[in-house]
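Below, chains carry the letters A, B, ... as their sequence lines are ordered, and counting in each starts from 1.
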Protein chains: 2
Amino acid sequence: MEMANRSENVKRHDGEMRTEPVLSEPHEDHIPLLDEHFQMVSFLAKSLSDENRLRILLCVSSGKKSVGGIVETLGLSQPLVSHHLKELKRSLLVRIERSGPFIYYELSDPRILDVVDILTTVATDLISARKTF
Amino acid sequence: MEMANRSENVKRHDGEMRTEPVLSEPHEDHIPLLDEHFQMVSFLAKSLSDENRLRILLCVSSGKKSVGGIVETLGLSQPLVSHHLKELKRSLLVRIERSGPFIYYELSDPRILDVVDILTTVATDLISARKTF
DNA sequence: CAAACATATAAATGTATGTTTATATGTTAT
DNA sequence: ATAACATATAAACATACATTTATATGTTTG
């Protein structure tokens with residue numbers, strides 16, 4: 001079989017099949033993704049996928065903050081904030097520190113802010129590009 | 001009132017209150033986040049928050065791919081793939097192109113790959129840091 | 001110890017979402 | 001037009017999840 005003009009032939013149990021051309025125009029180099037990585041990434045992304053949880057995460061990105069501080073800053077209910085903090089703890093995105101009756105939470109990895117930045121600009125660009133048409 | 005040693009005094013409707021010290025140790029500079037940004041970011045993050053959907057997105061990150069191609073590559077059902085592609089379209093993360101009976105999908109913004117890269121390394125680091133203790 | 005505060009947890013609930021099964025729409029070739 | 005293929009859509013379902021209300025746990029102060 002010739003390799004000159006490659007094409008994928010998908011075997012089907014019945015009758016004929018259509019021929020589909022194959023091109024590729026690669027992007028920059030990126031980390032080769034293993035199966036476990038998809039789990040991890042989607043799990044972290046899920047932590048960022050709720051608006052309130054994201055607000056909370058960014059609220060503790062500038063340094064330690066108590067639960068009450070977060071509650072007051074964001075105007076969310078205390079149990080809701082606690083619940084989301086528990087999730088953020090589960091995903092290891094926050095560092096926890098106890099001091100007296102107060103419990104302080106803090107963003108554990110600043111690179112999350114880079115992610116948020118990129119997503120913000122991408123979203124902005126996608127939306128404005130959409131309006132162009 | 002003195003500014004020397006700042007402290008937050010949270011007013012409560014009843015009795016006394018506790019005093020909580022205020023420190024801050026800022027990170028690098030980042031985009032100032034407006035209210036609308038949280039919506040957009042969390043929305044995009046939600047698109048990355050499902051393992052199969054993420055697989056699909058990365059599957060079309062190396063160039064146009066037909067639905068059937070994705071189905072075969074990932075071993076997912078065709079309706080499931082179509083459903084996730086619809087979501088990815090809704091979030092503007094894929095570009096669509098029709099050619100005959102085939103419909104080709106492609107990642108619309110390569111910066112999403114940067115996000116995935118960062119999340120991968122962050123996740124790896126967080127997990128390995130966790131094992132240290 | 002009792003009262004007041006800080007935070008966590010539990011129960012309950014409505015809603016969103018991922019997946020499957022089945023069917024419809026649309027396209028190409030005979 | 002009919003058959004075969006590619007993809008989309010709809011229905012149905014189970015599960016996950018965000019939120020509220022209510023209560024428990026733990027800490028400090030008087």
> Within this structure, what is the CD1-to-P distance between B:I103 and D:dA6, rounded to whole angstrom?
Replying inline: 12 Å

> Does some side-chain heavy atom of A:K65 sit less than 4.5 Å from a side-chain heavy atom of A:T73?
Replying inline: yes

> Taking CD1 from A:I96 and P from C:dT7, how many angstroms apart are they, rounded to a whole number?
Replying inline: 12 Å

> Quick one: is D:dA18 close enough that its OP1 or OP2 comes under 4.0 Å of any side-chain N or O from A:N52?
Replying inline: no

> Nearest to the side chain of B:K86, which nucleotide is it out of D:dT20, D:dA6, D:dT9?
Replying inline: D:dT9

>> Check the phosphate of C:dA8 against A:Y105, side-chain N and O only, distance under 4.0 Å to OP1 or OP2. Yes or no?
In response: yes

> Is the shortest heavy-atom distance from the side chain of B:L113 to the side chain of B:L58 under 4.5 Å?
Replying inline: yes

>> Expressed as a whole number of angstroms, how long is the span from A:E87:CD to D:dA16:P?
In response: 13 Å

> Which of these nucleotides, C:dT7, C:dT9, D:dT7, is closest to any side-chain atom of A:S66?
Replying inline: C:dT7

>> Please report the distance, rounded to the nearest Å, between CD in A:E51 and P in D:dT19.
In response: 9 Å

> Salt bridge or not for B:R55 and A:D35, using N-O below 4.0 Å?
Replying inline: yes

>> Applying a 4.0 Å non-hydrogen cut-off, can you work out what A:H84 is touching in the nucleic acid: base, sugar-phosphate, or nothing?
In response: sugar-phosphate

> Does A:R98 or B:H83 map to a spot on DNA chain D nearer the 5' end, using the closest nucleotide for each?
Replying inline: B:H83

> What is the distance, rounded to the nearest whole Å, between atom CG of B:L85 and atom P of D:dT7?
Replying inline: 10 Å

> Tell me: CZ of B:F102 to C1' of C:dG26, nearest whole Å?
Replying inline: 13 Å

> Which whole-number value in Å describes the distance from B:R90 CZ to C:dT17 C1'?
Replying inline: 11 Å

>> So B:K46, base contact, sugar-phosphate only, or nothing? Heavy-atom distance under 4.0 Å.
In response: sugar-phosphate

>> In this structure, how many angstroms lie between the C1' atom of C:dG18 and the CG atom of B:L54, rounded?
In response: 15 Å

> Given side chains that start at C-beta, do those of A:S82 and A:V67 come closer than 4.5 Å, heavy atoms only?
Replying inline: yes

> With respect to the side chain of A:S82, which nucleotide from C:dT28, C:dA8, C:dT20 is positioned closest?
Replying inline: C:dA8

>> Could you see if B:L107 belongs to whatever hydrophobic cluster contains B:L76? Use Ile, Leu, Val, Met, Phe, Trp, Tyr and a side-chain cutoff under 4.5 Å.
In response: yes

> What about A:Q78, does its side chain sit under 3.5 Å from the base of C:dA6 through a donor-acceptor pair?
Replying inline: no

> Which of the following nucleotides, C:dT27, D:dA18, D:dT7, is nearest to the side chain of B:P101?
Replying inline: C:dT27

